[in-house]
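The structure appears below as structure tokens.
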Amino acid sequence: MDEVTRRGALAGAALLGGAAAGVAAQTMAAPAALALPGTGGRTTPATGPVTVGPGDPRYRSLTRRGCNARFVGRPDYVRVVGSTEQAVSAVQQAVREGRRIAVRSGGHCFENFVDDPSVRVVVDVSPMSAVHYDARRGAFAVEPGASLGEVYRRLFLGWGVTVPAGATAEVGVGGHVLGGGYGVLSRRHGLSVDYLHAVEVVVVDASGRAASVVATREPSDPNHELWWAHTGGGGGNFGVVTRYWFRDPEARGSDPARLLPKAPESVTTFHASWSWNDLDRRSFTRLVRNHGSWYEQHSAADSPYAGLFSVLMLNSRKSGTITLIGQLDSTGPGAQRLMDDYVAAVGRGVGVRPARGHESRPWLQAAAQVQETAPAPFKAKAAYLRKRFTDRQIAVVHDHLSSKAGGDSNGTLWLVSYGGKVNTVPPGATAVAQRDSILKAIYATDWEDPRADPGPHLAWVRDFYRSVYSDSGGVPVPGAGSGGSFINYPDTDLADAVLNTSGCPWHTLYYQDNYPRLQRAKARWDPRNEFRHALSVSPTT
């Protein structure tokens, strides 16, 4: 997916699958912890504990790791930890000192959940990056600082398996999984959280005591609700995740090579581009309508296109092109036919032949290639689509992307494939409530200079989003066409009564009917509300 690494912050964000809503792993990951023989999967820390304050030369590097350069935190100190025990100690110290805590394993948060002025201590878990098979639990253990690319590499080289997760290799496991975790294999295999077997979390009880807790998928586990809350409840809500375990819930036996989905041997990546100069309102409308209608018809789990992932990048006229990129989890004549039929369906009746290209690549090369991107200031907003955009909405999209304001902006709308196996899971089985959508929409704008006035850019993307959803109070209220929004693309505007006039609260947009259950988990596991941010789950109703 080389074409998707477009501009600094947006590359890790939208592609996809969710970067983190508070924690992820990017450039600061230290060497992986080493699994010791005979320890049952326990690890020796690679780093830490280290306390870094403002006078330390490491402070600037540790506080400027967030992908969104709009926000830079100034905590009293950063505590770099390399083990669960160190994380417990770091949290306990912060609680004892009365300092507000945030967690970072890489920094792919869209908003200032970590880099907020009120955050006084950042617990940095990026050195915790071990990936191994835990025979005692019969599942693969993954620490939160591991990047997706490294997880793919280790699972594939060791056992030929993978977890369906994001398409940007430098994004970290930490927050990616917490928001649900989706990517190029999700239409075939589902979400990352559909394979979450257990989670280890550092929590704080009502007395202020920090401790680590393991919660599992097993319904009989007294900590089961803490596991459920981590299957899409979002980062920064319940505690500090120090380890995930993954296993297919339908897998049987103890052979590690049979406990997660098999990774493809090779994949076919492709792209098709239409020049803005060749598109008028009619042809633009036809293109976007075709794309949405195709996904309405091909998003069943048993579709022959279940292995297809794509992004229609509706860039502003300034960019020059509208681009469709994609990947099939197979190669050969069959993949070529599926790809050709799909691109032809999207372009049918547009009247313009796109510039096209494709390439067959080994799966690991396509999945694990890291192209790290420097932080850049941006604003992003998101939505789920249950059906294609209406023609009114498409007209709004066209006008905003082709207007003078759009032409002066690095604005874009990405329509990202969804559905398939994702939609076979009941909405209450995990905290991810959106189990009937066909696409995700990502509205975004970025700019070069973090010191520049963000006002015009923010105004453009906010007006764009509000206009698309003007029929429902300016936000994608769950209904016939929309399915709310995605917590791993957090947007504090949804909690602003001026920008959200729908009467639908932000937490319903993200969690729908699952929010009360998340609140109960919050009240049980974080009764003091130590872990909080602008869109955090409230422990009270």
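Residue numbers run from 1 in the order of the sequence given.
- Partners of Y342 according to the ring-ring contact (aromatic ring centres under 6.0 Å, His included) rule, which considers only residues two or more places apart in sequence or in another chain, are W294.
- Residues S360 and T331 have side chains that never bring a donor and an acceptor to within less than 3.5 angstrom of each other.
- The side chain to side chain donor-acceptor pair (under 3.5 Å) analysis of residues 227-241, with sequence neighbours excluded, yields no pairs.
- With hydrogens and angles ignored, the 3.5 Å screen pairs a side-chain donor or acceptor of Q519 with a backbone N or O of T540.
- A 4.5 Å side-chain heavy-atom check between V416 and I442 finds at least one atom pair inside the cut-off.
- Here H358 pairs with nothing under the ring-ring contact (aromatic ring centres under 6.0 Å, His included) rule; sequence neighbours left out.
- In this structure, L185 CG and S192 OG are separated by 10.0 Å, a value rounded to the nearest 0.5 Å.
- Counting heavy atoms from C-beta on, the side chains of V537 and Y515 come closer than 4.5 Å.
- Looking at R217, R524, R517 one by one, the single match for salt bridge (charged side-chain N to carboxylate O under 4.0 Å, His left out) with E225 turns out to be R517.
- Here the options are R79, R104, R65, the test is salt bridge (charged side-chain N to carboxylate O under 4.0 Å, His left out), and the partner is D124; only R65 passes.
- At least one donor-acceptor pair closer than 3.5 Å links the side chain of D221 to the backbone N or O of T216.
- The aromatic ring centres of F140 and F246 sit 6.0 Å or more apart.
- The closest side-chain heavy-atom distance from Y510 to D491 is below 4.5 Å.
- Other residues, nucleotides and ligands place more than 12 heavy atoms under 6.0 Å from the CG atom of D340.
- Of the possible polar contacts, none joining the H108 side chain to the V171 backbone as a donor-acceptor pair under 3.5 Å is found.
- By the salt bridge (Lys or Arg N to Asp or Glu O under 4.0 Å) test, R209 is found to be paired with no residue, residues two or more places apart in sequence or in another chain being considered.
- Remark: Y511 engages no residue in a side-chain hydrogen bond (donor to acceptor under 3.5 Å, both in side chains) (not counting sequence neighbours).
- R386 and Q434 are not linked by any side-chain donor-acceptor pair at a separation below 3.5 angstrom, with hydrogens and angles left out of the test.
- Between R247 atom CZ and L260 atom CG the span is 9.0 Å, to the nearest 0.5 Å.
- In this structure, CD on Q327 lies 8.0 Å from CZ on F309, to the nearest 0.5 angstrom.
- For Q86 against P49, the heavy-atom pair with the smallest separation is OE1-N, 3.1 Å.
- Remark: S538 OG to L518 CG distance equals 11.5 Å, nearest 0.5 Å.
- In this structure, the side chains of V432 and Y182 stay at 4.5 Å or more apart for every pair of heavy atoms.
- Salt-bridge check for E530 with R100: failed, with every basic side-chain N at 4.0 Å or more from each acidic carboxylate O.
- Judged as a side chain to side chain donor-acceptor pair (under 3.5 Å), not a single pair has a partner in residues 251-260 (not counting sequence neighbours).
- Under the ring-ring contact (aromatic ring centres under 6.0 Å, His included) criterion, Y295 pairs with H291, sequence neighbours left out.
- Side-chain atoms of K421 never come within 3.5 Å of backbone atoms of A300 as a donor-acceptor pair (strictly under, hydrogens ignored).
- Scanning for side-chain hydrogen bond (donor to acceptor under 3.5 Å, both in side chains) contacts around S220 gives an empty result, with sequence neighbours left out.
- No donor-acceptor pair under 3.5 Å is formed between the side chain of S437 and the backbone N or O of L439.
- For Q369 and R361, the side-chain atoms include at least one donor-acceptor pair closer than 3.5 Å.
- Screening residues 180-202 for salt bridge (charged side-chain N to carboxylate O under 4.0 Å, His left out), with sequence neighbours left out, gives R188-D329, D194-R435, E200-R243.
- Considering all non-hydrogen atoms of both residues, W245 and A139 come closest at CB-CB, 4.0 Å.
- For the pair E296 and K387, the minimum side-chain heavy-atom distance is below 4.5 Å.
- Side chain of N68 to backbone of F110: a donor-acceptor contact under 3.5 angstrom is found.
- With hydrogens and angles disregarded, a donor-acceptor distance shorter than 3.5 Å links the side chain of D205 to the backbone of G208.
- In terms of heavy atoms, A167 sits closest to V184 at CB-CG1, 3.6 Å.
- Note: H298 and Y305 meet the aromatic proximity criterion, with ring centroids under 6.0 Å apart.
- Taking CG of N223 as the reference point, atom CD of E218 lies at 12.5 Å (rounded to 0.5 Å).
- Partners of Y152 according to the ring-ring contact (aromatic ring centres under 6.0 Å, His included) rule, which considers only residues two or more places apart in sequence or in another chain, are W363.
- Taking each heavy atom of A431 and N514 in turn, the nearest pair found is O-ND2, 3.3 Å.
- When the salt bridge (Lys or Arg N to Asp or Glu O under 4.0 Å) test is applied to R532, no partner is found at least two apart in sequence or on another chain.
- With E143 contributing its side chain and A130 its backbone, the two residues share a donor-acceptor pair below 3.5 Å.
- When all heavy atoms of R528 and V95 are compared, the pair lying nearest together is NH2-CG1, 3.6 Å.
- Distance alone, capped at 3.5 Å, is enough to place a donor-acceptor pair between the Q512 side chain and the G483 backbone.
- The distance from the CD atom of Q365 to the OG atom of S266 is 9.5 Å, given to the nearest 0.5 Å.
- Although no hydrogens or angles enter the test, the distance criterion places no donor-acceptor pair under 3.5 Å between the side chain of Y418 and the main chain of S299.
- Taking the side-chain hydrogen bond (donor to acceptor under 3.5 Å, both in side chains) definition, one finds that E265 meets it with nothing, sequence neighbours left out.
- Shown here for A433 and P427, the closest heavy-atom pair between the two residues is O-CB, 3.3 Å.
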